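Nothing fancy with the numbering, it's 1 onward along the sequence. The shown structure was predicted, so the numbers you read here are calculated from the model rather than taken from an experiment.
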Amino acid sequence: MPFISKKKLELETKIIQKSIEFRERDNINEAIKRHYELLHKLYLTNPLYFKTIFKANRFIIGSAILGIYYTRNGSTFKDIKKFCIANDLLSINALDSFLLFLRVGGRLEVYRDESDKRKLNYKPTAKALSETKKMINTMLIPCAMLSAEFDLAYYENYQNFVPAFFKSYAEITLNRIFVHDMVPGSGDFLSRDGGHMIMFNLYLESIKQNTLDVNYNFLKASFSCGVSRSHIKRCLQAVEQNQLLTIVESKHIVSLTPAFMQMVRDYFALYLASVKHGLTGMPAETG
């Protein structure tokens, strides 16, 4: 069964238009800060899991796992593998390791298909659904902050939130609308463990210090992002190759460019717009 919909271009246009609305809001920085604070609190409960799941391709696969499960009957690992191979997301061995990581962590249950014992069906566990809801919650308050009308309490208390969300969000994932591919430069962060956190941590330090020449404490950042200082430096060195920033190690300075700041806002706005689309599966005014 193909994963491409004829609606892809219209959907992509819709997401981009909504992201522009978000990006142009005066309080975009406050919304980014709130997302970071909420995610950081969640992140610290299980750094290994969250730094892994937010890695670009694994984030896509995680979304596909839920999207396929909630939009198709009898979802199987074969469906996931087809999707990953078609989009060159992970090698088969790496995918098998990731799926095992989810199973061992108690996030996926696997069972034989009743009509065809050769097929391995799967379903997300209560633990997976709880964690997923908490991750999406880190974007609900920012969405409320940037939307003219948004019933935050309605979505926070919505029953069967994750199934309803992914019935709509699946349109984005299964139509191959990948946010990190739409924002040049973001992939250098998002392709690495903890990259999502590193990117926003650096951005918010610039806002806090009110300068592009950020006095950056790598040790403090490593605790916040759940990765080592050397990992953060390697990440920033890769970004440096794209001329989005310059590392001045002798002065403990990371000098950011306006392009870096714009890249982060673009990424956040697109990410938020995609979450907003997921909420369309719930009958309420989302602004």
Side-chain angles (χ1 to χ4, degrees), residues 1-9 11-12 15 46 48-136 158-181 187 190-191 193 196 271 274-275 277-282:
M1 184 179 292
F3 288 93
I4 300 177
S5 165
K6 294 178 181 178
K7 296 190 341 179
K8 176 176 180 179
L9 183 58
L11 182 57
E12 196 171 56
I15 297 299
N46 193 335
L48 174 61
Y49 174 67
F50 288 109
K51 75 180 182 182
T52 300
I53 201 67
F54 268 101
K55 200 170 180 178
N57 288 352
R58 288 166 178 78
F59 185 84
I60 293 168
I61 295 167
S63 298
I65 287 171
L66 292 172
I68 290 171
Y69 180 78
Y70 286 116
T71 58
R72 302 182 184 185
N73 293 323
S75 50
T76 68
F77 278 172
K78 186 176 180 180
D79 294 323
I80 303 302
K81 290 181 179 181
K82 274 186 178 180
F83 179 77
C84 291
I85 292 170
N87 292 285
D88 195 26
L89 295 175
L90 287 179
S91 68
I92 291 298
N93 287 341
L95 176 60
D96 285 341
S97 294
F98 180 57
L99 293 175
L100 181 61
F101 170 75
L102 296 178
R103 292 173 64 182
V104 171
R107 296 176 177 91
L108 276 185
E109 290 182 9
V110 179
Y111 57 96
R112 294 287 176 184
D113 188 280
E114 290 185 3
S115 60
D116 186 348
K117 298 300 182 182
R118 295 170 300 176
K119 292 182 179 179
L120 279 179
N121 291 354
Y122 70 85
K123 66 177 180 179
T125 65
K127 178 180 181 179
L129 298 184
S130 175
E131 288 175 336
T132 300
K133 176 62 162 59
K134 289 174 182 176
M135 282 193 287
I136 299 171
Y158 192 91
Q159 296 297 311
N160 296 317
F161 179 95
V162 174
F165 180 87
F166 276 94
K167 283 178 182 176
S168 293
Y169 192 83
E171 292 182 318
I172 293 174
T173 303
L174 302 185
N175 278 294
R176 305 175 184 180
I177 299 174
F178 305 148
V179 175
H180 70 278
D181 284 340
L190 301 169
S191 63
D193 286 347
H196 184 96
Y271 179 29
S274 68
V275 170
H277 182 77
L279 298 178
T280 62
M282 305 169 207

Asks: State the OG-CD distance between S274 and E12, to the nearest 0.5 angstrom.
Replies: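 Spacing of OG (S274) from CD (E12) equals 12.0 Å.
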
Asks: Any chance you could measure L90, atom CG, to I61, atom CD1, to the nearest 0.5 Å?
Replies: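 It comes to 3.5 Å.
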
Asks: How about L99 and I65: do any of their side-chain heavy atoms sit closer than 4.5 Å?
Replies: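 When only atoms from C-beta onward are counted, I65 and L99 do touch, with a gap below 4.5 Å.
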
Asks: Is any side-chain heavy atom of D96 less than 4.5 Å from a side-chain heavy atom of L100?
Replies: no

Asks: Over all heavy atoms of both residues, which pair between K81 and L95 is shortest? Give the atoms and the distance, please.
Replies: CG-CD2, 3.4 Å

Asks: side-chain contact (heavy atoms from CB on, under 4.5 Å) between K8 and R176: does it pass, once the steps are laid out?
Replies: CA-CA 8 Å; K8 176 176 180 179; R176 305 175 184 180; 4.0 Å; yes

Asks: According to the interplanar angle, ranging from 0 to 90°, do the rings of F165 and F161 count as parallel (below 30°), tilted (30 to 60°) or perpendicular (above 60°)?
Replies: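 It falls in the parallel class, under 30°.
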
Asks: Work out which heavy atom in P163 is nearest to a heavy atom in N160; give both atom names and the distance.
Replies: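 Taking P163 first and N160 second, the nearest heavy atoms are CD-O, 3.2 Å.
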
Asks: Taking C-beta and beyond as the side chain, do Y122 and I80 meet within less than 4.5 Å on heavy atoms?
Replies: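 Touching, per the 4.5 Å side-chain cut-off.
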
Asks: Quick one: are Y49 and L102 in side-chain contact, heavy atoms under 4.5 Å?
Replies: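 Heavy-atom side-chain distance check passes, below 4.5 Å.
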
Asks: Which heavy atom in A164 sits nearest to a heavy atom in Y158, and how many Å separate them?
Replies: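 What the structure gives for the nearest pair is CB-CE2, 3.9 Å.
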
Asks: Hey, does F166 have a side-chain heavy atom less than 4.5 Å from the side chain of T132?
Replies: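 Touching, per the 4.5 Å side-chain cut-off.
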
Asks: Using side-chain heavy atoms (C-beta onward) and a distance below 4.5 Å, is Y271 in contact with H196?
Replies: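 The answer is yes, as the side chains (C-beta and beyond) meet within the 4.5 Å cut-off.
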
Asks: Rounded to the nearest 0.5 Å, how far apart are CG of L120 and CG of D79?
Replies: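 Rounded to the nearest 0.5 Å, the CG-CG separation comes to 11.5 Å.
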
Asks: Could you state the interatomic distance from CZ (R103) to CZ (F98), rounded to the nearest 0.5 Å?
Replies: 13.5 Å

Asks: Please determine whether side-chain contact (heavy atoms from CB on, under 4.5 Å) holds for the pair F83 and T173, giving the CA-CA distance in whole Å, both sets of side-chain angles, and the decisive distance to 0.1 Å.
Replies: CA-CA 10 Å; F83 179 77; T173 303; 3.9 Å; yes

Asks: Could you tell me which residues satisfy side chain to side chain contact (heavy atoms under 4.5 Å, CB included) with S91, sequence neighbours excluded, listed by chain and number?
Replies: N93, A94

Asks: Check for me whether R58 meets the cation-pi criterion with F101, that is, NZ or CZ under 6.0 Å from the six-membered ring centre and within 45 degrees of the ring axis.
Replies: no

Asks: Would the number of heavy atoms belonging to other residues, nucleotides or ligands and lying under 6.0 Å from NZ of K119 be above 12?
Replies: no

Asks: Taking G105's backbone N and O only, do any of them form a donor-acceptor pair with K127's side chain (distance below 3.5 Å, no angle check)?
Replies: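 Between the backbone of G105 and the side chain of K127 there is a qualifying donor-acceptor contact (under 3.5 Å).
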
Asks: Side chains of H180 and I60: does their closest heavy-atom pair fall under 4.5 Å?
Replies: yes

Asks: What I'd like to find out is whether the side chain of F178 reaches to under 4.5 Å of the side chain of S63, using heavy atoms alone.
Replies: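 F178 vs S63: side chains apart.
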
Asks: Report the C-alpha distance between I53 and E131 in whole Å, list the side-chain angles of each, state the deciding distance to 0.1 Å, and finish with yes or no for side-chain contact (heavy atoms from CB on, under 4.5 Å).
Replies: CA-CA 11 Å; I53 201 67; E131 288 175 336; over 6 Å; no

Asks: Rounded to the nearest 0.5 Å, how far apart are NZ of K167 and OH of Y69?
Replies: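 Result: 10.5 Å between the selected atoms.
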
Asks: Under the rule for side chain to side chain contact (heavy atoms under 4.5 Å, CB included), what residues qualify as partners of K51, not counting sequence neighbours?
Replies: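 For K51, the residues satisfying side chain to side chain contact (heavy atoms under 4.5 Å, CB included) (neighbours in sequence not counted) are Y43, L48, D193, V227.
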
Asks: Considering residues at least two apart in sequence or located in another chain, which fulfil the side chain to side chain contact (heavy atoms under 4.5 Å, CB included) criterion with S191?
Replies: none

Asks: What's the shortest heavy-atom distance between S168 and T280, and which atoms?
Replies: OG-OG1, 3.5 Å

Asks: Donor-acceptor check, side chain of T125 to backbone of G106, threshold 3.5 angstrom: yes or no?
Replies: yes

Asks: Could you walk me through whether K55 and L190 pass the side-chain contact (heavy atoms from CB on, under 4.5 Å) test, one step at a time?
Replies: CA-CA 5 Å; K55 200 170 180 178; L190 301 169; over 6 Å; no

